Structures are given as structure tokens and as C-alpha cells.
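One structure is given below, encoded as C-alpha cells.
Please read these numbers as outputs of a predicted model, since none were measured by experiment. Order of the sequence lines sets the chain letters (A, B, ...), proteins ahead of strands, with each chain counted from 1.
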2 protein chains.
Amino acid sequence: MKHQITIKDIAVKLGLSTSTVSRALKDHPDISPKTRVAVKELASLLGYRPNRIALNLRNNSTRTIGLIIPEIEHYFFSAIINGIEEVAYKNDYSVMVFQSNESYKREVINTQAVLTNRVDGVLVSFSKETRDFSHFQRLIDNEIPVVFFDRVTEELQADQVVADDYQGAFIAVNHLIEKGCKRIAHFAAPQSLAIGRSRLSGYHDALLKHDIAYNPALVVLADTFDSSKKAAHDILRNADRPDGFFAVNDMSAIAIIKAAVELGLKVPQDVKVVGFENSKSSALIEPELTSVDQFGFELGREACLQLLRRLKEDEDISEFKPVKKVIKTKLVVRGST
Amino acid sequence: MKHQITIKDIAVKLGLSTSTVSRALKDHPDISPKTRVAVKELASLLGYRPNRIALNLRNNSTRTIGLIIPEIEHYFFSAIINGIEEVAYKNDYSVMVFQSNESYKREVINTQAVLTNRVDGVLVSFSKETRDFSHFQRLIDNEIPVVFFDRVTEELQADQVVADDYQGAFIAVNHLIEKGCKRIAHFAAPQSLAIGRSRLSGYHDALLKHDIAYNPALVVLADTFDSSKKAAHDILRNADRPDGFFAVNDMSAIAIIKAAVELGLKVPQDVKVVGFENSKSSALIEPELTSVDQFGFELGREACLQLLRRLKEDEDISEFKPVKKVIKTKLVVRGST
DNA sequence: CGAAATATTTCAACCGATTGCAGTAATTTA
DNA sequence: TAAATTACTGCAATCGGTTGAAATATTTCG
């Protein structure tokens, strides 16, 4: 990088001290109008921009937010990043992105990276592998505000922003029942994730409400396209195949539709399918997918706003009360049900 | 943030000077083994981590890359970010993400943001609105290496990494012709973008090769789902409707398929469609979409690698020779042709 | 044993900007 | 005209770490 114009350059050229220049630039009342004008003119002439790093050092703040996320290349997460960046931008913060790629080990390294980069706060959605949270505890111990979103844990004293997974699952399954489904399967996420548990629980309670017995055989661990396609093939070949599916995400739901079509079944006549996410893809497939919108953009916004709130607070850690923000979900009904 | 352990804390506790501690931590030969061990032990006991910001200030480098991108919430770009983050991570760089949201004005602000954040280098794919490039020239004037990817311009002396748009378009249209299409429409991106021009040109030349006259009426500006769906409806209602479509991206292609289906046309029997991107969605729709894979992840990797190369160089700006890296594309044939 | 050589540690300046306090100049007041 | 205000401006320390040069401690050797 070229030599950047510093306050000293301006000071030397005008025969002033750096302190005077500094004060002139920020309209300090002590500085005479003449000096102030001269300094400002020269500053803009030279294209002076304050060195943020020097300020960072002095203020012990970087106006930077660290974002640790499983994978960017996934509609839901990219929508979240979009929301986060939007709020950060409006509040003059920058966002540093770190992917864990669903790897616990890499996630630990990511937490070290946000520490070295001295970000002011961190937004986290942890990996599927993560069971131990001490690397996040380390951030909290350093009094770096951490807000978890989507993938959260009760094991840490930290803010959470999540979609209302339980409610979303409940309305989805309720919808299937109202559409006449009697035998509803659930393709679930790992039960180590709260979203996995909440969605299963919503599924369970919606069945109960309609006096349908909960049948563990109809709950399958399958949250990717490939695993879901395979599982759907298997389960749909049974004589007593399900007439409805509630999938933990859209990819899984789409895989189910594809499997059903491949087996000569008609969607929604023979099998109805509901996804979770309301991704762009849900409107593209045929039939279009009924899905629970979990408002990723909103979720990102809220998570970032909550973090900014923490950053503004006088952090009296002894009085810390974690906040849990739940974003209501909404069923978007389309052709698959 | 809590008080972070500094070199001074260690120095005071051991009755040493900060210089000794600093040297001990980096195995400087001047330091006696006894001191070195003592310092290192205390450092790890206290959980000392060097303050990156102080180093940034001194070294005038942040080991941070700025990324300016139209929108994160788009498969192609998120794949690129993925590739970039991957390379940055392996080389111990961090990535700061700035969205332009396809807005020129915001893009200008983004370039200022990367300047204030004193990133070491910048990766850019500019907005559809951008006609004037002086904000990027400002970065270059500051001797901050800039690498453009996907959306590039010849107006600036800067490195470029692009997919082989011409070749991709050519093989796509060639494929349509070989499949029997006689009347091929092209849904194009704005001609202000190089990708728009290159893909049109590939389309044009593939027609020529097969002695099919180029018909301007078959070239439509439509690069979003909605605009493409509308345009496809219009053009497919004509008596002399096209029997093949080459769309500038997958969203556009999918919209065409949807429109065709809505009009009672069969894909690929009545109309064949090729997209560009090979996004996740292309394999989800029915029929699955034939598409030109532009390897977003690779493109991101290469762009970041090129930037890192520049960062390593002794930047003798007078001898700067821009590099243009072209990533070969590949046609992925599926059910839509 | 004392000087020279070597080993180890400290001093002080620096990176760029901020800010409390001291200092100087200009103006007002007695 | 001298003293007291007031208006400006500069000094120096600070943020945390690095590094050339100087200082001190320890060894080595004649």
C-alpha cells in the first residue's frame, strides 16, 4: 500500500502540531476558525482518511463483527448473512465471515481467529458436529458479546435468536392433517441440534392434538438431499407408506418429492410434502413446495441487532441476562399439499 | 471486552522489560533460555494473545481481504464466497464482506469502507448499475491490489478472473443446435456487463457456425426470474415461437421452463432450454435443467489466489501487468434438452 | 586480576491518532 | 501600562507491540 496521508503530513505542511490538526478536523472549539479551515482544506485536498487501525488500537474497538457460520453456500445461511450485513452496514460496522464447513475443529480455529482479529462481537451458528461449547465459552470469558442464531444451545449464558421451530413444525403438520393426511412421516435433523428437537416436538404435538399416535418408525434422521432421497425411496416402497411428509428443510422435502415422482406417486394426490425454510428453490420445483418460511433475512437482522444492543451496553457481566428472541414462522402453502 | 493480557503484564510480573518479553516470545537468540521459558510459561498460563491491532498498526497490514459483491443471497455468489473464504483461511487471511445490493451508490460507499478498514487487498464483482469505475481506480491509486471476478471491466488496469463466458455460451447453443433446434432465443444480461456481451457473442458465433442467421428479435434482455417469465410468455405465444432457449443464468432458464409448461408446451420435446450457472436448483426442477457450469467455487478460489499473489509481490507499480484468468466452463446435460 | 569478548537485558523511538494539561499569544480590564 | 482573561496551540503520554542501539552482566582469556 502507498503511504497514506496522516495527520502528521498535514501538520508538517501547515507548520502545526498533530494535536491541533486532530482537533481542527473534529471541530474542537479551541481551534481558531482560520486554522480549522486551513486544516480541513488541506486534508480534503490530500485525500486524508483517518487510519482506522490507529483508532482501533486506541479505542480498543474495531467496529467489526465476527460471523461464524456452517456454510455460506446454502440459501438459508446466505439469507441470514444478507440480513446481518444489512444491519451492520447501517450501523457502520463491518462483517468478517468465517465458515466452519460443519467441522468442529475448524469452528474452534474460527473462534481463535475472531479473537486475534479483535472483533467487537460475534454471531454464531455452530456446526452439526459441535457437542462441546468451551470454545464459545472462551469468547464469553473474554467478555466478547456472542449471539447465537438458528443453531443454539442452552449450555451457554448467551443471547439466542431462533425461528419458532416448534410452532413452524406444528403448523406444518397440522396443515398436513387438515389436508387429510393420516400417516405423516418426519425427516428430522440430528437431535443434537435444538432445531432438530424443536421441530420433532412440534410434529409430535400436532399429531397428538389430532389424536394421531406418534410412531417412531415414521421419524427418520435425514436432513440432506441425498440421505432424504434414499430414505424416501425406502419408506415409500412400504405397503403402509406415509401419505404425508414433514421435512426438516427444503432440500430434504424436494428430495422426497423427487423420490415420490420416481416411484410413480402423485404429489400432492398420493403424497403431500411440507418443507421448512421457504427457500428460493421451493417455488421452482413442480409441484411447488409448501414450506414453512423461517425468514432467514429477518433472523440475521435480529441477531445482528441484538449483538449491537449488547455492544452499546455498559457490560456489567454480573447482571447479564440472556435474551432469547423467537422469530415467528409462517406456512406458505403451495402445490405440494 | 475484558482487559486482554498484554506483553506489559507479563513483563511486570516477571520484572522484565517489554522488549525482553517480546523477544522471548519469538525465540530471539539474544534471550537466555531461562528467561525464554519463564516468559512462555507465564504467557500461556495467562492466555496471552498478541494484539493484532497493534501489529496491524506497526506493520501497516491487516491480513484482511475486502470482498465487494452484488448480493450474497445468490447461489453463484455464495459459491464464490465459499471459494474465497477457503483460500483466505488456508493462508491465514480474514475476509470482510460488503454487499452492494446491485447499487452503484452503495458500491462506492463499500470502496470507502474497505479503505477505512485498511484491508490488504480487495476482490470485486461490481453491480449491474456500475458504469463509472473511478471508485475502484481510487483503490488502485492507493496501491491496494484489486482483483475483479465475474463482472469485470477493461477500463481499469487490474487483474481479472472470469468464467469462459464466450465458450460456455458457444457450447450451450451448439448443443441446442445439435439437438435439433432451429430457432434459438437468447435471454441476455445487460450489455454493460462483459458477461452479457460475451455470452451474446458466443450465442451469435455458434449460430453462425451452423449457418443460422442471427435474428435480433430473438435476443431479449431478461436476466431475472420475473422478467424472464414474462418475456418467455410473450415470445412463446408467437406463431413462430423459438424451439430452443439459451438463458444467461439458471433463474432465467427455469422461468422459461415454467412459462413453457404453463402454456402447455413440453420440455424438451417442444422447447429445449439451457441455463448458465449450474446452480443447485438446476438439478431440482422437472425436467432437470441443462446448464453451463461456471464453477463459482473455483472462480472464487482463483480470484483469491491471484490477490494473494499480488500481496506477496514487491509492488513495483510501474511494471504492473494485469493478469486475466479464464476458468473453463462445462456443459452439464440434463433433461431440459 | 583486569581487560576484552560475549551474553543478556533495557532504553527509547516508532506506527497514527487522541486528549489532559501546560504554555503562549492576544485581548480585555483595572 | 500592568494584570487578568480569554483564545489558541503544543507537549507528552497513551493504546500494544517491535527493534536498533545502548547498557549492563557474565565469561573468557592473556
Base, sugar-phosphate alone, or nothing: which one does A:Asp30 contact when heavy atoms must sit under 4.0 Å apart? base

Using a heavy-atom cut-off of under 4.0 Å over every strand shown, decide if A:Leu57 touches base, sugar-phosphate, or nothing. base

Ring centroid separation B:Phe133 to B:Phe126 under 6.0 Å: yes

Is the centre of the A:Tyr89 ring less than 6.0 Å from the centre of the B:Phe98 ring? no

Closest-nucleotide 5' rank along DNA chain C - winner of B:Ala54 and B:Lys34: B:Lys34

Could you tell me the separation between the [atom1] atom of [X] and the [atom2] atom of [N], rounded to a whole number of Å?
X       : N      : atom1 : atom2 : result
A:Lys26 : C:dA17 : NZ    : P     : 11 Å
B:Arg58 : C:dC15 : CZ    : P     : 9 Å
A:Asn60 : C:dA17 : CG    : P     : 18 Å
A:Leu25 : C:dT18 : CG    : P     : 8 Å
A:Lys8  : C:dT18 : NZ    : P     : 16 Å
A:Ile5  : C:dC15 : CD1   : P     : 15 Å
A:Ile10 : C:dA17 : CD1   : P     : 8 Å

Spell out, as yes or no, whether a donor-acceptor pair under 3.5 Å connects the side chain of [X] to the backbone of [Y].
X        : Y        : value
A:Arg151 : A:Phe148 : no
B:Glu102 : B:Lys128 : yes
B:Asp132 : B:Ser134 : yes
A:Asn91  : A:Val87  : yes

Can you sort out which residues in residues 12-23 of chain B have a heavy atom within less than 4.0 Å of DNA chain C? Ascending by number, please. B:Gly15, B:Leu16, B:Ser17, B:Ser19, B:Thr20, B:Arg23

With sequence neighbours left out, which residue pairs that include part of residues 298-307 of chain A fulfil the salt bridge (Lys or Arg N to Asp or Glu O under 4.0 Å) condition? A:Glu298-A:Arg301, A:Glu302-A:Lys325

If you walk 5' to 3' along DNA chain D, what is the first nucleotide with an atom under 4.0 Å of a heavy atom in chain A, and what is the last? D:dC8 to D:dG16

If we check side-chain contact (heavy atoms from CB on, under 4.5 Å) with A:Leu123, which of these qualifies: A:Val95, A:Ile80, A:Ile84? A:Ile84

Which residue in the set A:Leu156, A:Asp159, A:Ile140 passes side-chain contact (heavy atoms from CB on, under 4.5 Å) when paired with A:Val146? A:Ile140

Ignoring backbone atoms, test whether A:Tyr48 places a side-chain nitrogen or oxygen under 4.0 Å from the OP1 or OP2 oxygen of C:dG16. no

